[in-house]
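Down below is the structure, laid out as structure tokens.
In what follows, every chain begins at residue 1, and chains take the letters A, B, ... in the order their sequences are listed.
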2 protein chains.
Amino acid sequence: MDSQQFYRITKALADPRRYEILSRIAKCRELACSDVRCDLPITAATLSHHIKELVNAGLVELRREGQFAHLKLRRKAWREYLSRLGKFKTAKF
Amino acid sequence: MDSQQFYRITKALADPRRYEILSRIAKCRELACSDVRCDLPITAATLSHHIKELVNAGLVELRREGQFAHLKLRRKAWREYLSRLGKFKTAKF
DNA sequence: CCTATAGTTAGATGATTATCTAAGTATCGA
DNA sequence: TCGATACTTAGATAATCATCTAACTATAGG
């Protein structure tokens, strides 16, 4: 994982709403946008914007099928992000 | 770690400059502001602002001694943050 | 075809924020 | 006491960004 992707992920997580959205996606094998949005007080346009950020960060994969956009967490990217955060140079004192 | 602190940390990490600053602090037992700033192209005022955010997020401890402000990573908070991120509900598929 | 559903895009707006300058406080050493 | 160093605070500015509305594309089902 290069620095650019790392920072994009860090930024993507920094909005609570987007974090919640990612969290919902992560809990399922796959989820359509409309299901993500159910009971969230945001418009479809706003969701679309957040999804774009998550995809752009490499955290979410989007598969189109008919009218639907199915979303899935890219677990490999998530693991790599955690791993890089874990390697944060914390000198042992 | 409650949600508020979690989000404050997430936000604190989301600025690359601030992440770099935290990284420098983490590498040492303790570090003065002036040492953090050496060779960073920012003013003392900007550094002061970032330090305030890091302290506010609970990631950094500040100890005053004479003219100096000594900074230290709060390793417990960092561990708790990683631990909470690790518990992200990633259903196993 | 027509209508409803799913999602996207463009553009506007208001809030947040990273940064600076300028001026302040506090401490140290001569 | 004076000047230098370390840091903070207040206020301004410009950039970023979360959100909305309105209009769009595309698909599914009668």
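The CD atom of A:Gln67 sits 7 Å away from the P atom of C:dA6 (whole-angstrom rounding). The distance from atom CZ of A:Arg63 to atom C1' of C:dG7 is 15 Å, rounded to the nearest whole Å.
The main-chain N or O of A:Leu59 is never found under 3.5 Å from a side-chain atom of A:Arg74 such that the two would form a donor-acceptor pair. Under a 3.5 Å cut-off, the side chain of B:Lys11 and the backbone N or O of A:Ala14 do form a donor-acceptor pair. Checking side-chain atoms of A:Arg64 against main-chain N and O of A:Ala69 turns up no donor-acceptor pair under 3.5 Å.
Across all non-hydrogen atoms, the minimal contact from A:Arg84 to A:Ser3 is NH2-OG, 3.4 Å. Across every non-hydrogen atom of B:Ala77 and B:Gln5, the tightest pair is CB-NE2, 4.1 Å. B:Ala26 approaches A:Phe88 most closely through the heavy-atom pair CB-CE2, 3.3 Å.
Of the residues in residues 9-22 of chain B, none has a non-hydrogen atom less than 4.0 angstrom from any atom of DNA chain D. Heavy-atom distances under 4.0 Å link DNA chain D to B:Ser48, B:Lys52 of residues 48-55 of chain B, given in residue order. Sorted by residue number, the members of residues 35-43 of chain B with any non-hydrogen atom under 4.0 Å from DNA chain C read B:Pro41, B:Ile42, B:Thr43.
At a threshold of 4.0 angstrom between heavy atoms, the contacts of A:Ala44 include nucleobase atoms, whether or not backbone atoms are also involved. Among the heavy atoms of the strands lying under 4.0 Å from A:Ser34 are primed sugar atoms or P, OP1, OP2 only; no base atom is included.
No path of Ile, Leu, Val, Met, Phe, Trp and Tyr side chains, each step under 4.5 Å between heavy atoms, connects A:Ile51 with A:Phe68, placing them in separate hydrophobic clusters.
Between A:Tyr81 and A:Phe6, the ring-plane angle classifies as tilted under the 30° and 60° cut-offs.
Residue pairs meeting the side-chain hydrogen bond (donor to acceptor under 3.5 Å, both in side chains) criterion with at least one member in residues 31-40 of chain B, sequence neighbours excluded, are B:Arg24-B:Asp39.
Between the NE2 atom in A:His70 and the CG atom in A:Leu62 there is a gap of 9.5 Å [rounded to 0.5 Å]. To the nearest 0.5 Å, atoms CZ (A:Arg18) and OG1 (A:Thr46) are separated by 11.5 Å. Rounded to the nearest 0.5 angstrom, A:Asp15 CG and B:Thr10 OG1 are separated by 10.5 Å. Expressed to the nearest 0.5 Å, how far CG of B:Leu54 lies from CG of B:Leu71 amounts to 8.5 Å.
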Derivation of the salt bridge (Lys or Arg N to Asp or Glu O under 4.0 Å) call for A:Arg63 and A:Glu61
CA-CA 7 Å; A:Arg63 178 176 68 85; A:Glu61 200 180 315; over 6 Å; no
How far apart are the C-alpha atoms of A:Ser48 and A:Lys52, what are their side-chain angles, what is the distance that settles it, and do they pass the side-chain hydrogen bond (donor to acceptor under 3.5 Å, both in side chains) test?
CA-CA 6 Å; A:Ser48 195; A:Lys52 203 194 290 179; over 6 Å; no
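Toward the 5' end of DNA chain D, the nearer of the two residues B:Arg64 and A:Glu65, judged by each one's closest nucleotide, is B:Arg64.
For DNA chain D, the span of nucleotides reached by chain B at under 4.0 Å from its heavy atoms goes, 5' to 3', from D:dT5 to D:dT9.
DNA chain C forms stems at C:1-30 with D:1-30, each a run of 3 or more consecutive Watson-Crick or G-U wobble pairs whose two key distances fall under 3.5 Å.
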